[in-house]
Visitor: 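Here's a structure for you.
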Amino acid sequence: MKNTTLFCIVLLVSVLSCPGVFADVNNIQIWAVGADLSQTPVWEFDLGQKPYIYINLPEQDTQEDWISKVFSDWTIGTTLKGEVDQTGGFFRREYWLTLPGTFNWSDTSNIGEWNVVVDYGYYYLPPSEPFSSGTGNASFSIVDPNPNTVPEPLSTILFLVGGAALAGKRFLRKK
């Protein structure tokens, strides 16, 4: 009994401490991947790396011709950074999306937790209303690979106090 309880606690802690990069809601699979466009989930990207979102839509049980469309919103915190929409060809279920090429992934305002919400729909041809649709989301983090480039507050305070002491000593010598 003790071993089972301990196992459950360890499992719960490990699940809660993992970032939420993987979603499988209503059979839609979504997670962040690297620029190699693999299907391997990535939890964290360095500043300047371009993240992609891998999307695998659920299978359809219809024999009629259909196309798929995905719509995604990319946010950091509450700030919407961009939208990506894409229409697939016949019977397309897999997508790899990222923000447009002009987006600057090296901007320090991108550091933090990102969330990507994806809406999809399947449409018979010619497209009208979707015959099947759903939503899913994935998250990932962007971190600064050189966090020591900005001095910590204590170092800055010591530098200012030392500079003020030297300036005060110089001022007293002139008097």
Visitor: Check side chain to side chain contact (heavy atoms under 4.5 Å, CB included) between Phe71 and all other residues, then give those that pass, not counting sequence neighbours.
Guide: Lys69, Asp85, Asp119, Tyr123
Visitor: Which atoms form the tightest heavy-atom contact between Ser106 and Gly48, and what is the distance?
Guide: OG-CA, 3.5 Å
Visitor: Does Leu166 have any side chain to side chain contact (heavy atoms under 4.5 Å, CB included) partners at least two apart in sequence or in another chain, and if so, which?
Guide: none
Visitor: What's the shortest heavy-atom distance between Ala138 and Ala32, and which atoms?
Guide: CB-N, 4.5 Å
Visitor: Flag yes if Trp105 and Ile53 sit in one hydrophobic cluster, no otherwise; membership is Ile, Leu, Val, Met, Phe, Trp, Tyr, and two members link when side-chain heavy atoms are under 4.5 Å apart.
Guide: yes
Visitor: Where is the tightest heavy-atom contact between Ser72 and Leu97, given as atom of each residue plus distance?
Guide: OG-CD1, 3.7 Å
Visitor: Search all heavy atoms of Gly121 against all heavy atoms of Pro130 and return the closest pair with its distance.
Guide: CA-CB, 4.2 Å
Visitor: Are any side-chain N or O atoms of Arg93 and backbone N or O atoms of Asn56, one a donor and one an acceptor, separated by less than 3.5 Å?
Guide: no
Visitor: Are any of the side-chain heavy atoms of Val116 and Ile30 separated by less than 4.5 Å?
Guide: no
Visitor: Using side chain to side chain donor-acceptor pair (under 3.5 Å), reason through Ser68 and Tyr95 one step at a time and then give a plain yes or no.
Guide: CA-CA 10 Å; Ser68 57; Tyr95 290 87; 2.6 Å; yes
Visitor: Yes or no on side-chain contact (heavy atoms from CB on, under 4.5 Å) for Leu47 and Ile111, after CA distance, side-chain angles and deciding distance?
Guide: CA-CA 7 Å; Leu47 188 63; Ile111 295 174; 3.9 Å; yes
Visitor: Using side-chain heavy atoms (C-beta onward) and a distance below 4.5 Å, is Phe103 in contact with Asn110?
Guide: yes
Visitor: Is the closest side-chain heavy-atom distance between Trp96 and Gln39 below 4.5 Å?
Guide: yes
Visitor: Decide yes or no for Val33 and Thr40: does some side-chain heavy atom of the first lie under 4.5 Å from some side-chain heavy atom of the second?
Guide: no
Visitor: Checking side-chain contact (heavy atoms from CB on, under 4.5 Å) for the pair Tyr122/Leu57: CA distance, chi angles, key distance, verdict?
Guide: CA-CA 10 Å; Tyr122 287 113; Leu57 301 176; 2.9 Å; yes
Visitor: Between Trp74 (side chain) and Thr98 (backbone), is there a donor-acceptor pair under 3.5 Å?
Guide: no
Visitor: Do you know the tightest heavy-atom contact between Gly34 and Phe45?
Guide: CA-CE2, 4.0 Å
Visitor: Just wondering, do Asn115 and Asn137 contact through their side chains at under 4.5 Å, heavy atoms?
Guide: yes
Visitor: Only counting residues at least two apart or in another chain, list the ones meeting side chain to side chain contact (heavy atoms under 4.5 Å, CB included) with Glu83.
Guide: Asp73, Leu80
Visitor: If you define the side chain from C-beta out and look only at heavy atoms, does anything of Trp66 sit under 4.5 Å from Phe91?
Guide: yes
Visitor: Can you check whether Val118 reaches Thr135 side chain to side chain, under 4.5 Å on heavy atoms?
Guide: no
Visitor: Tell me whether Leu99 is reachable from Ile76 by hopping between hydrophobic residues (I, L, V, M, F, W, Y) whose side-chain heavy atoms are closer than 4.5 Å.
Guide: yes
Visitor: Applying side-chain contact (heavy atoms from CB on, under 4.5 Å), run through Ile142 and Trp114 and close with a yes or a no.
Guide: CA-CA 8 Å; Ile142 294 186; Trp114 282 73; 3.5 Å; yes
Visitor: For residues Ile55 and Tyr120, determine if any side-chain heavy atom of one lies less than 4.5 Å from a side-chain heavy atom of the other.
Guide: no
